[in-house]
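Written below as structure tokens is the structure these notes are about.
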Amino acid sequence: MSQIWKGPLERIDAFRWRIPRFLGSMRVEGLIFADETLISRVRADQALQQVVHVAHLPGLAGPSMAMPDIHWGYGFPIGGVAAMDIREGVVSPGGVGYDINCGVRLMRTDLDEDALRSRLKILTERLYANIPSGVGSSGKLKLDSRSLKKVLTRGSKWAVEQGFGCARDLERTEDGGCMEGADADALSSRALERGKPQLGTLGAGNHFIEIQVVDAVYDFEAARAYGLRQGMITLMIHTGSRGLGYQVCDDHVGVMMKAMTRYQIEVPDRQLACAPVESAEGRRYLAAMAAAANYAWTNRQIILHCVRESFEQVFQDSAERLGLDMIYDVAHNIAKFETHETGNETRRVLVHRKGATRAFGPGRPEIPEVYRSIGQPVLIPGDMGTASYVLRGTSAAMKETFGSTCHGAGRVLSRHAAQRAAQGRRIDEELARKGILVLSRSRKTLAEEAPEAYKDIHEVVEIVHGAGISKKVVRMKPLAVIKG
DNA sequence: ATGTTC
């Protein structure tokens with residue numbers, strides 16, 4: 001199955017590699033962010049072939065890019081960035097992924113490790129009890145069609161109107177937790193039905209809630225601006241749009257596979273199914289994608305509300321007094337219309353980020369005002385046994401990657417290979433010996449998510465930091481993890 | 001990632 005990349009791959013510098021247009025059918029070149037150590041891992045994956053596939057799409061406004069956490073995905077690689085010209089380019093559901101607006105939310109607290117230690121176990125158990133997780137999990141909310149449509153068009157604003165959070169949470173969410181252009185009518189009845197019972201649920205796979213402590217500060221000015229300091233307890237939520245987003249992707253991949261013939265688009269892999277950005281099919285997918293994105297932001301907002309309730313129950317104090325405040329929330333599976341400078345012209349492009357995080361540099365109006373002079377907070381979760389990072393967006397990223405960086409550690413073992421490697425082992429006990437408490441609904445999920453299934457997050461972050469497409473601010477180490 | 005193969 002696994003194919004080692006045998007095509008051309010040229011080293012540009014310590015952190016950059018180029019796949020030139022060695023095939024006449026490639027419209028642009030490939031640009032991969034990696035160092036000597038990481039590129040050998042990347043070569044052993046089909047992901048570089050996928051970078052070349054993406055380079056065949058019409059209307060690319062820049063190279064087919066891959067971040068250091070790149071690995072094989074559906075059609076497009078995970079860790080891939082593709083910016084499309086709006087008039088000549090295409091939109092592809094595979095360039096966003098099945099979990100539309102999978103993303104990460106980071107919270108701060110006023111607690112330090114000492115204040116938490118004696119209650120860590122009971123707090124983790126409380127979070128586990130209060131927040132449904134696992135495959136097919138359903139939540140306490142069972143939305144009717146009317147409420148669901150409001151969620152899809154208003155996103156996190158709906159959650160705040162319902163009392164699940166405050167205006168400050170919205171300010172600190174990418175796009176304010178509400179993407180424009182969402183249309184609930186662009187969703188199939190099946191997608192809508194799958195969405196009704198799942199709001200406020202974590203899901204499975206790599207989704208998690210993690211209690212962490214800041215164990216390193218690299219940029220004191222940025223850390224202060226973000227409200228982070230050494231020794232602070234933080235909490236991270238990683239989840240997406242659940243069955244609704246999956247269904248939206250599946251439905252529209254089907255539609256576009258048929259439409260491609262009509263638009264005379266030829267692609268080297270059927271999984272790159274796409275349609276012109278301004279076509280009926282393209283617009284309809286983007287309207288459905290925005291709705292699913294809004295569902296995902298609402299999902300993370302509701303989970304945050306449940307987190308606050310859990311802290312209140314355990315500490316017998318208000319979430320406000322415990323300092324449970326949003327740092328930021330990022331989407332890392334999404335396509336967005338953005339304005340970028342390419343060469344010496346200003347262009348409107350549709351940036352596909354699939355397992356890639358927006359990393360806008362200082363001054364961009366999309367960044368919350370409190371962070372604008374520093375750059376956007378970039379949230380990078382690692383595997384559950386190692387660490388996570390906060391970085392900041394840079395102007396270098398604006399010039400080179402359409403304001404994008406990596407999204408996590410990235411797999412080195414397939415889910416199946418990870419399960420094989422974990423045969424007969426207790427991953428939770430192995431993590432407990434490292435001082436990390438893990439609660440999970442499923443032994444299988446734990447095996448798939450074992451630390452060895454992922455690249456070293458430190459290495460991945462050093463590459464994006466070294467390349468300058470985002471800069472390290474703080475590092476957090478895990479204390480307790482809830483998995484699906 | 002996913003009512004993990006309508």
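Residue numbers begin at 1 in each chain, while the letters A, B, ... track the order of the sequences. Worth saying up front: this structure is predicted, and the values here are computed from it rather than measured. Side-chain atoms are counted along with the backbone in the values below, which use heavy atoms only and exclude waters and symmetry mates.
The distance between atom CG of L244(A) and atom C1' of dT2(B), rounded to the nearest whole Å, is 12 Å. dT5(B) atom P lies 13 Å from atom CZ of R190(A), rounded to whole Å. Rounded to a whole Å, the NE2 atom of H252(A) is 17 Å from the C1' atom of dT2(B). Rounded to whole Å, atom P of dT2(B) lies 8 Å from atom CD of Q198(A). Remark: P of dT5(B) and CZ of R415(A) are 12 Å apart, rounded to the nearest angstrom. Atom-to-atom, CG of D250(A) to P of dT5(B) comes out at 12 Å; the value is rounded to the nearest Å. The nearest whole Å value for the distance from the CZ atom in R242(A) to the P atom in dT4(B) is 12 Å. In this structure, Q247(A) places its CD atom 14 Å from C1' of dT4(B), rounding to the nearest Å.
Under the 3.5 Å distance criterion, with hydrogens and angles disregarded, no donor-acceptor pair is assigned to the side chains of R392(A) and Q376(A). In this model, a donor atom of one side chain and an acceptor atom of the other lie less than 3.5 Å apart for S137(A) and R242(A).
In this structure, Q419(A) reaches neither bases nor backbone, as no heavy-atom distance under 4.0 Å exists between it and the strands shown.
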Check your understanding: Passes side chain to side chain contact (heavy atoms under 4.5 Å, CB included), H407(A) versus K354(A)? Steps please.
Key -> CA-CA 9 Å; H407(A) 87 306; K354(A) 178 186 190 177; over 6 Å; no
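Of all the residues in residues 441-450 of chain A, K444(A), E449(A) reach under 4.0 Å from DNA chain B with at least one non-hydrogen atom.
Ring geometry for Y98(A) versus Y246(A): interplanar angle of 30 to 60°, hence tilted.
Here the rule is side-chain contact (heavy atoms from CB on, under 4.5 Å) with P132(A), and of T201(A), L202(A), I303(A) only T201(A) fits it.
Contact detail for R411(A) and K455(A): the closest heavy-atom pair is O-CE, 3.9 Å.
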